[in-house]
Amino acid sequence: MGKTRIRIVKRDGCAKRKKVLMYLIAIIVALAIGAILLSSLDVNPFQYYGKMFTMGMVDNHIAYRTVENYIKAFVPLLLTSVALALSFKIRFWNIGGEGQFIIGAIAATTIAFTCGPSLGPGLTIVLMLLAAMLSAGIYGGVIALLKVKFKTNETLLTLMFNYIALYFLLYLGETKAPWNFFLNPESERPIFGSFADIVSFPTIMIGKFSLNLSLLFVIAICVIIYIYLKRTKQGYEISVVGDSVGTAKYAGMKVNKIVLRTIFISAALIGLAGALKVGTSGILSTSITDSVGWTGIIVAWLAKLNTIGIFVVAALICVLDTGSTIASSTYSAIDANFADILQGIILFSVLVADFFTRFKIVISKKEEQ
Amino acid sequence: MMKKFLSILAVTALALAMCLTFAACGNEETADPGSEPGNGDFKVGAIYINSQNDTAGYTYQHHAGITAAMNELGLNPETDLIIVDEVTDSAAVSAACDTLVEAGCDIIFGISYNYIDAMEEAAAAYPAVIFSHATGNRANETNFNNYSGRIYQAHYLSGITAGLKSLELGNNNIGFVSAYGTANAETCSSINAFTLGAQSVNPQVQVHVNIIGAWENEELERSLTQDLITTYGCCVIAQDCDSAQPQLTAAENGVFGCGYNSDMTSAAPQAHLTAPIWNWGVYYQLAIESAMTDPANFIADVGNYYGGLADGFVGISPLSDNCVAATQGYIDAVSSLLISGEWDVFSGVKLTYNIAEDGTVTVNQNDAALIDAAGNPIIAAGGAPIADEAIAASMNYFVQGVIPHNN
């Protein structure tokens, strides 16, 4: 009797062509599964996918609004993913993106309401961004400090810090009190107030389309991060610490300092993403993060923590996300939950393909001894 | 190995593709919403908090109302109703408005109070589309209105059924689990009206109130109900929150209850008496019809809608067998007063009843001041009813007989 053993073995290198093929197959399989589900609900899958991947912009007299909404979703996701990748590079498992994002958004809103009326929009925006970066940087940095001082587990702490931030936000949103300037004073019921008429982020009008400058700003930051990682001493330190703490120590690097600095920057950038999000919509909301703290983790790993890769993956995931909402609204049988399931199937298949570009399954038969 | 894996994948993909083609063939007869854009059809847009496929709850009630109204008006909800659901974020509301305008909607309904800012902005950005906002309080003069209703009238009626039950049981403690208390004018007026209704048949009644802090939180809805039963000995549990948990908990404890939003008799057959309900379809039919026939005068014709028992916009579900036998007579008598407009809940006139041997109920109107829980008179004896806006927007006190425990 032979005994079959299944083992997962690391693949040494996978040809680029093969990789692309794997991803393509994964997407086709996912779409095919989705097509079966769609057909079972009497929806034509080709038309549905058409709507989804074009984000409904074909034959659409206000397609520019779709692009504007797309950018509003893309900017926070891109910046958060780039920032999370920074943490992951030094093997600091920051799953606290949600919390850092919320803290940044709250800090920016605080500045908008308190300083906005007296300082004028220009200076206020600068202060909003700085306040968001500082507060979120500290919020994440505290966990890094605990890790280097007391060897606490950053995965647990960043996760739990998410809920502190989230419930603080919910508290602000539900508590009517004289001190609570976050709420709309004219509303009987507690709802967040808008600061859009005090300060809002600048846009350039191109015809009817208004290009939010936060897009250019974030792209510039990504370029800076790219250079920072590839060309600076600090960037080199990050890659050494990520590879091996022992090597870094042997080379005389101050590992603790590097970890603290990197996590501060990572969290600060996520806070900045929160400030950009709240600054463009002009109002807080209890679902302000749009889950970018979670989605950003997927984006960062799918892109192998590569800044350029993150740009591409974030852009594609945003197409998927925006397109899903638009496509699902067109068909009465499809609701937002179904659109989420489809997205999940696609992402899952791609992750499986990703797994197989790095590992292979070896089935061997062994004679029983 | 790699080849084998690829071939398995390829075969799977092929098989799936075949299924797909097969399934798509069967589709051709059905009308396809995506294939005929802009054919001049009237389209309705809706933004929901939860899923359009819910089978109970707030979103479900609105969805049922919109589809019923559309069917009534000869529109097909399958093709003419465009929905963006699961919307809570304010940025998502404004994107949803864009999506619905892009899809060619002529009127867009938003069902959550939190949509207020985004809908007001969208109404300004898209003057050719009508925006209609449930439970809101803003409007403009051309294409933005709000709609809500006198749900307190229905709570008064359910208060009567609860009061009669408490008389029968000889227990004057009634419980009320509410999403919010005095912080929200709608829940505040509902609790007050329920209490006044119960007091009209049993003047000794005390209504113990526990506040949840959210419209939906099944665990708290359950534990706060249990608290009312064990700590305060309540014999009837009323509610102003989304789930059926208060009724289920009442049933488990062998006490009775008044549900909310939908007939909860099937959920708690041994406990449920009746439930105040919204008939959103009444408004949706009015609004869609007006938007179809004369959109330019929508605001003049429909305006800010505040429907009551008289419009059939609010009401109570059919009385269950758990109710005291004479209850229907009381409900009919008070309903006719409310429908005729002769009397309203928050006024300087209180009701008492005479019941004849054949079960006929006659209502007496007696001048009596409306007094708040702190003992201050709100309306003097014989005074006129409170203005609608004061009930809908600013009522923030409990009446005598309400005992809040965690407001």
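Proteins get letters first, then strands, A, B, ... in listed order; numbering begins at 1 in each.
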Check whether [X] gets within reach of chain B through its side chain, its backbone, both or neither, counting any heavy atom under 4.5 Å.
| X | value |
| --- | --- |
| A:F192 | backbone |
| A:T66 | both |
| A:D340 | neither |

### Query
What residues of residues 99-107 of chain B sit under 4.5 Å from chain A when only non-hydrogen atoms are counted?
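Only B:T99, B:V101, B:E102 of residues 99-107 of chain B have a heavy atom under 4.5 Å from chain A.
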
Once you round to the nearest 0.5 Å, how far does [atom1] of [X] lie from [atom2] of [Y]?
| X | Y | atom1 | atom2 | answer |
| --- | --- | --- | --- | --- |
| A:S328 | B:D85 | OG | CG | 6.5 Å |
| B:D98 | A:T325 | CG | OG1 | 12.0 Å |
| B:E120 | A:S194 | CD | OG | 10.0 Å |
| B:D117 | A:S281 | CG | OG | 10.5 Å |
| A:Y331 | B:T79 | OH | OG1 | 12.5 Å |

Who wins among [options] for the most heavy-atom pairs under 4.5 Å with chain B?
| options | value |
| --- | --- |
| A:K176, A:K277, A:R65 | A:R65 |
| A:I62, A:I288, A:I191 | A:I62 |
| A:A333, A:A336, A:G50 | A:A336 |

Could you report the tightest heavy-atom contact between [X] and [Y], atom names first, then the distance?
| X | Y | result |
| --- | --- | --- |
| A:S287 | B:T88 | OG-OG1, 3.3 Å |
| A:S332 | B:P77 | CB-O, 3.9 Å |
| B:Q52 | A:I334 | OE1-O, 3.4 Å |

With a cut-off of 6.0 Å (strictly less than), are more than 12 heavy atoms of other residues, nucleotides or ligands near [atom1] of [X]?
| X | atom1 | result |
| --- | --- | --- |
| B:Y60 | OH | no |
| A:F168 | CZ | no |
| A:F348 | CZ | no |
| A:F359 | CZ | yes |

### Query
Under the 3.5 angstrom rule, does the side chain of B:E86 hit a backbone N or O of A:N337 as a donor-acceptor pair?
no

### Message
Counting only non-hydrogen atoms closer than 4.5 Å, does B:T135 touch chain A with its backbone (N, CA, C, O), its side chain (CB onward), both, or neither?
### Response
both

#### Entry: Result of checking B:N53, B:I83, B:V84, B:D54 against A:D335 for side chain to side chain contact (heavy atoms under 4.5 Å, CB included)
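Only one option passes, and that is B:N53.
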
### Query
How would you list, by chain and number, every residue that makes a side-chain hydrogen bond (donor to acceptor under 3.5 Å, both in side chains) with B:T67, sequence neighbours excluded?
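With neighbours one apart ignored, the set is empty.
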
